[in-house]
Amino acid sequence: MVVAGGPPGALTLEVTRALAGVTVPVRLGVQTWGRFNEARDNAVLVCHYYTGTSQAAGAAADGTPGWWAALIGPGRAVDTERFYVVVMNTLSNVQVHDPAVVTTGPDTPHPDGGVWGERFPAWDFADLHALQLALLRHLGAERWHAVLGPSFGAMQALQWAARAPDLAPRVAAIATSPYAGPVLRGAFGPLLRGVARAGGLPEALRLISFFGMGADALERSFRAADFEAYLHTRMRTASLAHILDLGRVVETHDLEAIVPRDELFARWRSAGLRLLTVNIRGDQFFPAAEMRAFAGASRAAGVAHTHFEYDSAHGHLACVADTVPFAGLLRALLGDTLPAVSLPPDLLSPGEASHA
């Protein structure tokens with residue numbers, strides 16, 4: 001069930017689910033902006049990134065803007081005067097120690113009074129998708145108008161495209177790949193587990209920050225600031241167990257493990273899926289070539305797939321810190337004016353994209 005609580009737009013999804021064969025009472029915080037229209041067909045699911053929360057828009061209690069506040073709001077690309085925007089915390093949300101975050105994972109209470117710890121089941125994208133589907137049903141809507149997200153949130157959006165394109169006819173995946181490639185499986189994942197064993201939470205956050213920002217953005221951001229103080233601030237709300245649990249899930253992302261590619265493209269054509277993918281050149285998590293090749297094959301198969309790439313000094317974090325280049329494309333997708341076939345990435349400039 002969904003229960004109201006806290007400030008306006010704050011909800012909690014409460015269900016009992018079998019995750020990897022273990023029955024778990026699940027509580028996940030949800031935030032919403034805007035309102036349903038009479039037909040209840042204007043709901044947009046926005047999925048958060050690896051260390052993000054449901055605070056995608058508006059502002060937190062301390063005044064910190066939501067991570068996609070530049071995109072979500074009245075008159076913005078995701079216009080809350082037109083759309084009912086829904087954001088739900090994932091299982092094992094990294095910021096579990098933030099009082100405003102409601103999640104279920106290894107560092108949350110077990111029914112026996114302790115915490116789940118290593119007893120927490122090894123959930124996967126299918127479980128998260130099922131919980132998001134349960135939320136859709138509890139909200140009383142037949143389908144999402146669109147499913148959007150950056151990074152890990154983009155993986156979730158693509159999972160919707162693969163698992164239920166009829167329930168997510170418009171999908172925007174910002175800064176991701178169709179599968180977890182060698183960077184995630186061969187470099188980041190093993191490094192994360194290694195530094196977690198050797199140095200714990202601060203070193204895990206240090207690694208995530210380096211991959212997320214890249215050398216240039218890290219140097220520019222902390223040229224006159226204290227990086228160690230930044231890490232210690234993040235440590236107040238973050239959980240190492242949840243970082244590792246989400247890292248495990250991220251490495252399993254692979255659309256072709258859900259549906260073989262030819263069948264996937266056929267399903268997308270049949271469902272009339274409109275797909276927008278965006279990558280940042282120089283992203284240290286998701287090489288643009290992975291999605292570029294997939295997008296080329298998708299378009300060649302007749303899918304309405306628009307792909308765009310841009311350069312940003314923010315590295316991977318451009319997906320939340322430098323959103324102007326793709327804001328127009330996102331607005332066009334939601335309004336059904338996105339071109340079915342994109343221009344080659346080098347021919348579509350950031351300026352053109354922001355005014356598309």
Side-chain angles (χ1 to χ4, degrees), residues 1-7 10-32 45 47-55 60-61 86-139 152-153 155-156 159 189 192-205 207-208 232-253:
M1 63 178 175
V2 173
V3 296
L11 310 169
T12 300
L13 177 70
E14 295 187 350
V15 294
T16 299
R17 291 279 166 177
L19 305 179
V22 178
T23 300
V24 179
V26 173
R27 298 182 72 249
L28 299 174
V30 181
Q31 293 192 69
T32 68
L45 177 66
C47 306
H48 68 69
Y49 57 97
Y50 193 156
T51 61
T53 72
S54 60
Q55 189 72 58
V86 180
V87 192
M88 183 175 78
N89 288 328
T90 65
L91 295 162
S92 302
N93 187 282
V94 169
Q95 311 302 329
V96 61
H97 300 306
D98 181 338
V101 171
V102 178
T103 187
T104 304
D107 270 352
T108 63
H110 186 277
D112 68 7
V115 296
W116 279 95
E118 294 183 356
R119 296 175 293 177
F120 195 69
W123 62 278
D124 58 19
F125 277 107
D127 293 311
L128 183 54
H129 172 78
L131 287 164
Q132 292 168 339
L133 179 59
L135 175 62
L136 175 69
R137 297 303 185 222
H138 282 302
L139 292 174
F152 174 54
M155 288 181 169
Q156 297 170 57
Q159 292 274 327
L192 178 63
R193 291 186 288 275
V195 300
R197 285 192 298 269
L201 179 58
E203 300 313 307
L205 291 172
L207 181 71
I208 291 170
H232 281 283
T233 297
R234 297 195 68 184
M235 286 172 60
R236 294 173 190 163
T237 57
S239 160
L240 181 60
H242 286 204
I243 286 173
L244 292 173
D245 202 30
L246 282 185
R248 174 191 58 79
V249 174
V250 162
E251 289 186 66
T252 69
H253 174 64

message = side-chain contact (heavy atoms from CB on, under 4.5 Å) for Q156 and H129? Distances and angles first, verdict last.
response = CA-CA 7 Å; Q156 297 170 57; H129 172 78; over 6 Å; no
- prompt: Where do T237 and Q95 land on the side-chain hydrogen bond (donor to acceptor under 3.5 Å, both in side chains) test, with the steps shown first?
  reply: CA-CA 5 Å; T237 57; Q95 311 302 329; 2.6 Å; yes
*Worked check of side-chain contact (heavy atoms from CB on, under 4.5 Å) between T90 and L28*: CA-CA 7 Å; T90 65; L28 299 174; over 6 Å; no
Backbone N/O of D107 and side chain of H242: donor-acceptor pair under 3.5 Å
yes
- Query: Do the non-hydrogen side-chain atoms of T23 and R17 ever get within less than 4.5 Å of each other?
  - Reply: no
### Message
Does any part of the side chain of T108, heavy atoms only, come nearer than 4.5 Å to the side chain of V115, both counted from C-beta?
### Response
no
Taking every heavy atom of T53 against every heavy atom of V87, the minimum-distance pair comes out as O-CG1, 4.3 Å
Heavy-atom closest pair (L244 atom, A196 atom, distance to 0.1 Å) is CD2-CB, 4.0 Å
For F120 and S92, the nearest pair of non-hydrogen atoms, with its separation, is CE2-OG, 3.9 Å
Distance col, row R27:CZ vs T12:OG1, nearest 0.5 angstrom, shows 5.0 Å
Contact check, side chains of V24 and W123, non-hydrogen atoms, under 4.5 Å: no
>> For a 4.5 angstrom cut-off between non-hydrogen side-chain atoms, does P106 reach E118?
In response: no
Next item on the list: Taking the side chain as every heavy atom from C-beta outward, state whether H232 and P202 have any pair of such atoms under 4.5 Å apart.
Entry: no
> Can you check whether T104's main-chain N or O pairs, donor with acceptor, with N93's side chain at less than 3.5 Å?
Replying inline: no
Taking the side chain as everything from C-beta on, heavy atoms only, tell me whether E14 gets closer than 4.5 Å to V26.
no
Test log, rule side-chain hydrogen bond (donor to acceptor under 3.5 Å, both in side chains), inputs H48 and Q55: CA-CA 9 Å; H48 68 69; Q55 189 72 58; over 6 Å; no
Check against side-chain contact (heavy atoms from CB on, under 4.5 Å), M88 and C47:
CA-CA 7 Å; M88 183 175 78; C47 306; over 6 Å; no
d(R193 CZ, L207 CG) to nearest 0.5 Å is 11.5 Å
Any D112 side-chain heavy atom under 4.5 Å of R119 side chain:
yes
*Does the Y50 side chain pair with the main chain of G247, one donor and one acceptor, at a distance under 3.5 Å?*
yes
One should read off an interatomic distance between F152 CZ and L128 CG, to the nearest 0.5 angstrom, of 6.0 Å
query = Would you say N89's side chain and S54's backbone share a donor-acceptor pair under 3.5 angstrom?
reply = yes
Between W116 and P111, the two heavy atoms sitting closest are CZ2-CD, 3.9 Å
Check whether any side-chain heavy atom of V30 lies under 4.5 Å from a side-chain heavy atom of V86, and answer yes or no.
-> yes
Is any side-chain N of the basic residue among E203 and R197 closer than 4.0 Å to the acidic one's carboxylate O?
no
Rounded to the nearest 0.5 Å, the CG atom of L11 sits from the CG atom of L135 at a distance of 8.0 Å
Output for pair (L91 CG, D245 CG), nearest 0.5 Å, gives 8.5 Å
Closest non-hydrogen atoms of A122 and A20, given as atom of the first, atom of the second and distance, are O-CB, 3.8 Å
Smallest heavy-atom separation, D127 atom then A18 atom, equals OD1-O, 4.0 Å
dist E251:CD -> L246:CG (nearest 0.5 Å) comes out at 12.0 Å
